[in-house]
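Just so you know, ligand 1 is whichever comes first in the structure, and atom 1 is the first atom listed for that ligand.
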Amino acid sequence: MTISTKNPASETDSGAEAARLTPRTVLVGVPASPGFALGKVFPIINREVSVVEETIPESRVAAEEQLFLKAVSKTANEIAKIKEISESRTGLQDSLIFSTHLMILKDPGLVNGILDQIKKEHKNACWAVHVVLGGYIERFEKIDSPAMRDKATDLRDLYNRLISAMENSGPVVEELAVGEGVVLVAHEFVPSFLMSLKPGQVSALAMDTGGRTSHVAILARSLQIPAVSGLRNIAALVKPDDTILVDGSGGMVIVNPNDDDVRKFHERQEVFERQRRELFTMRRLEPMTRDGKYITLHANIELPSEAEKVTDFGATGIGLYRSEFLFFRKDVPSQEEQEYAYRQILETMDSCPVTIRTLDAGGDKLVSGISVVNEANPFMGWRSIRVCLDREDVFCTQLRAMLLANTKGNLRILLPMISGLNELRRAKAFINKCRDQLVSEGHEIGKVKVGIMIEVPAAVMLVDLLAKEVDFFSIGTNDLIQFTLAVDRTNELITEMFQPHHPAVLSMIYQTVMAAHRQGIPVAVCGEMSSDPLSVLLLVGLGVDELSMTPWSVMATKKIIRSINFEDVRETALTVLQMDDAESVNAFLTKKYAQTISDLGISSLLGNVGEKQN
Ligand code: PEP
Ligand code: MG
């Protein structure tokens with residue numbers, strides 16, 4: 001049997017501290033979330049865990065039993081804490097999958113089965129867990145049912161936690177004090193895990209996988225946690241006592257930095273803080289180009305509580321609330337729970353528009369109780385609007401909750417991943433049905449606008465027809481790029497191919513804008529392009545009316561808009577539409593605008609501007 005998760009800190013007895021640490025190593029990845037952090041590595045083990053089989057003498061049986069029982073109680077405490085944090089963050093009861101975990105941990109069949117392996121078979125505790133819990137996982141995985149596969153996922157998480165607890169791999173993240181300043185390092189993170197972190201509990205994230213538009217990266221930016229993704233092998237490289245420097249603006253980490261690295265780090269961090277402070281002077285200014293073209297700036301949010309701060313950052317509405325983040329829990333939130341959350345946002349924003357996207361589950365956002373795990377192509381699988389149309393119970397519960405919460409008439413319902421008229425019409429029929437039902441139940445329903453995400457190339461091909469049947473478009477460039485170029489947005493091996501300025505992508509955006517304007521409806525962009533400076537110039541030039549982004553990117557984007565002339569960027573956009581490839585477009589834009597952008601003094605807030613170090 002193999003060993004793969006030994007904690008190096010507990011492995012050595014040489015006493016030579018330096019020898020236990022990773023030598024200074026510079027790794028370059030993707031700038032997933034801007035900002036800087038210097039802290040101790042805290043490894044999160046989420047690679048497959050494997051353990052050693054040992055036959056133990058009778059004299060060790062009691063110790064191994066104790067080891068297992070302690071791991072059970074440590075794991076139960078961990079889970080109870082995550083559950084509590086998660087509930088306080090989302091404002092919902094029974095968050096995430098953790099109630100089930102606690103129940104499984106108390107299952108006498110499971111616990112006794114493991115103790116029997118230790119007592120009767122004389123196996124070490126880790127192996128006993130491996131045999132018994134691993135056996136359950138295997139059995140559930142073989143059953144061809146989404147619910148059973150979900151259960152296997154729950155058990156696998158529990159398995160990893162128990163083995164980690166027994167291997168003494170240090171404190172669990174939930175026990176870390178706020179402000180401890182550790183940097184979490186993992187092969188990959190999932191959005192629900194990030195949601196369970198307390199504000200200020202960790203100072204940065206570094207991960208092997210992912211790109212800039214994965215939902216973990218989006219969430220890290222929203223939570224203002226500096227992060228570097230796509231580092232490929234950092235999880236295997238670092239050790240728990242290592243110091244690590246994370247430059248989320250430049251997309252680089254340095255493990256065990258030297259004095260010079262630390263000095264440069266502090267200089268950059270200072271610039272970052274200063275640039276961020278200076279930006280606040282922008283928030284009350286109009287997002288207007290120098291020649292008077294007004295561009296609406298809205299915020300993307302993932303949590304209802306974020307609504308409170310979006311106007312402080314200068315946004316005049318919410319352009320995208322990713323409602324699926326409310327569903328990261330064991331069961332589907334009830335109509336009342338959803339109404340409460342939506343009301344919190346709609347009422348906080350008063351008369352400003354609030355765009356709530358209907359459940360966009362699937363892809364890299366697996367929702368327990370709904371999503372199917374282990375799909376061969378999750379981004380193209382049973383997800384998003386497809387799930388909603390198949391699960392009338394889930395969809396109508398959400399629609400009723402939204403409509404009831406819309407007391408101020410500022411709701412815009414956004415339907416994700418629409419690929420044709422049939423889907424749109426079916427979704428609108430559900431909206432009408434829910435509204436009629438509520439009216440017949442005596443409710444007064446406020447005005448509602450209905451729009452669609454343009455994020456599938458098929459929708460662009462049909463854009464004139466779609467424009468006739470909706471109130472607005474919102475272009476989801478993260479998925480539109482992914483599907484147009486056939487480049488998985490979360491795959492770090494092909495991040496270079498994820499090209500927002502590819503002529504095919506720009507042409508899709510332009511066609512969408514033209515069709516919308518012919519029909520007299522507005523077009524927003526709510527993908528990550530809307531906060532990249534050079535993309536902002538192009539999107540404005542292509543005629544986009546509204547940009548929606550992470551709340552704290554609004555001020556920097558406003559600064560960019562106020563520095564440009566609409567007529568000039570329009571000409572630029574029309575010029576680059578004729579170009580052959582993204583490289584030519586980028587070279588042209590850089591030559592023409594790099595200096596203007598650099599003069600704005602926002603470089604460290606934007607990502608991809610870090611100086612490479614060796
Ligand atoms: C998009 O696809 O651009 C988008 C905004 O939605 P998400 O990132 O949640 O897929
Ligand atoms: Mg999308």
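- Remark: side-chain polar atoms of R562 are not paired, donor with acceptor, to backbone N or O of K558 under 3.5 angstrom.
- Checked by distance only, ligand 1 and E324 stay at 3.5 Å or farther apart across all their nitrogen or oxygen atoms.
- In terms of N/O distances under 3.5 Å, ligand 1 is approached by T477.
- For ligand 1, the atoms lying closer than 4.0 Å to a non-hydrogen atom of H215 are 7 (P), 8 (O), 9 (O), 10 (O).
- Under a 3.5 Å cut-off, the side chain of E455 and the backbone N or O of M417 do form a donor-acceptor pair.
- Applying the 4.0 Å criterion to heavy atoms of L320 picks out, from ligand 1, the atoms 5 (C).
- Using modelled atom types, no side-chain atom of D247 and backbone atom of M252 make a donor-acceptor pair closer than 3.5 Å.
- R386 places a side-chain N or O within donor-acceptor distance of the main-chain N or O of M380, the cut-off being under 3.5 Å.
- Residue-level proximity to ligand 1 for Q482 is absent, since no heavy atom of it falls below 4.0 angstrom.
- The closest non-hydrogen atom to atom 10 (O) of ligand 1, taken over R489, R383, K365, comes from R489.
- Side-chain atoms of D471 come within 3.5 Å of backbone N or O of V450 as a donor-acceptor pair.
- Taking every heavy atom of G476 and a limit of under 4.0 angstrom, the matching atoms of ligand 1 come to 1 (C), 2 (O), 3 (O).
- Minimum-distance N/O/S atom of D479 relative to the Mg ion (ligand 2): OD2.
- Distances from the Mg ion (ligand 2) to the N/O/S atoms of E455 are shortest for OE1.
- The distance from ligand 1 to the heavy atoms of R322 drops below 4.0 Å at these ligand atoms: 4 (C), 5 (C), 6 (O), 7 (P), 8 (O), 9 (O).
- Listed by atom number, the atoms of ligand 1 under 4.0 Å from C526 heavy atoms are 5 (C).
- Listed by number with element, the atoms of ligand 1 under 4.0 Å from a non-hydrogen atom of M453 are 4 (C), 5 (C), 6 (O).
- Between the N478 side chain and the E528 main chain, a donor and an acceptor come within less than 3.5 Å of each other.
- For K449 (side chain) and F472 (main-chain N/O), no donor-acceptor pair under 3.5 Å exists by modelled atom type.
- At a threshold of 2.8 Å, the Mg ion (ligand 2) has no backbone or side-chain N, O or S atom of D360 nearer than that distance.
- Using a 4.0 Å cut-off between heavy atoms, I218 contacts ligand 1 through its side chain alone, with no backbone atom that close.
- Not a single donor-acceptor pair under 3.5 Å links the side chain of T550 to the backbone N or O of S553.
- Applying side-chain contact (heavy atoms from CB on, under 4.5 Å) to I509 and the options V523, L538, V544 leaves one that passes, V544.
- Of the protein's heavy atoms, R357 NH1, 2.9 Å lies nearest to atom 6 (O) of ligand 1.
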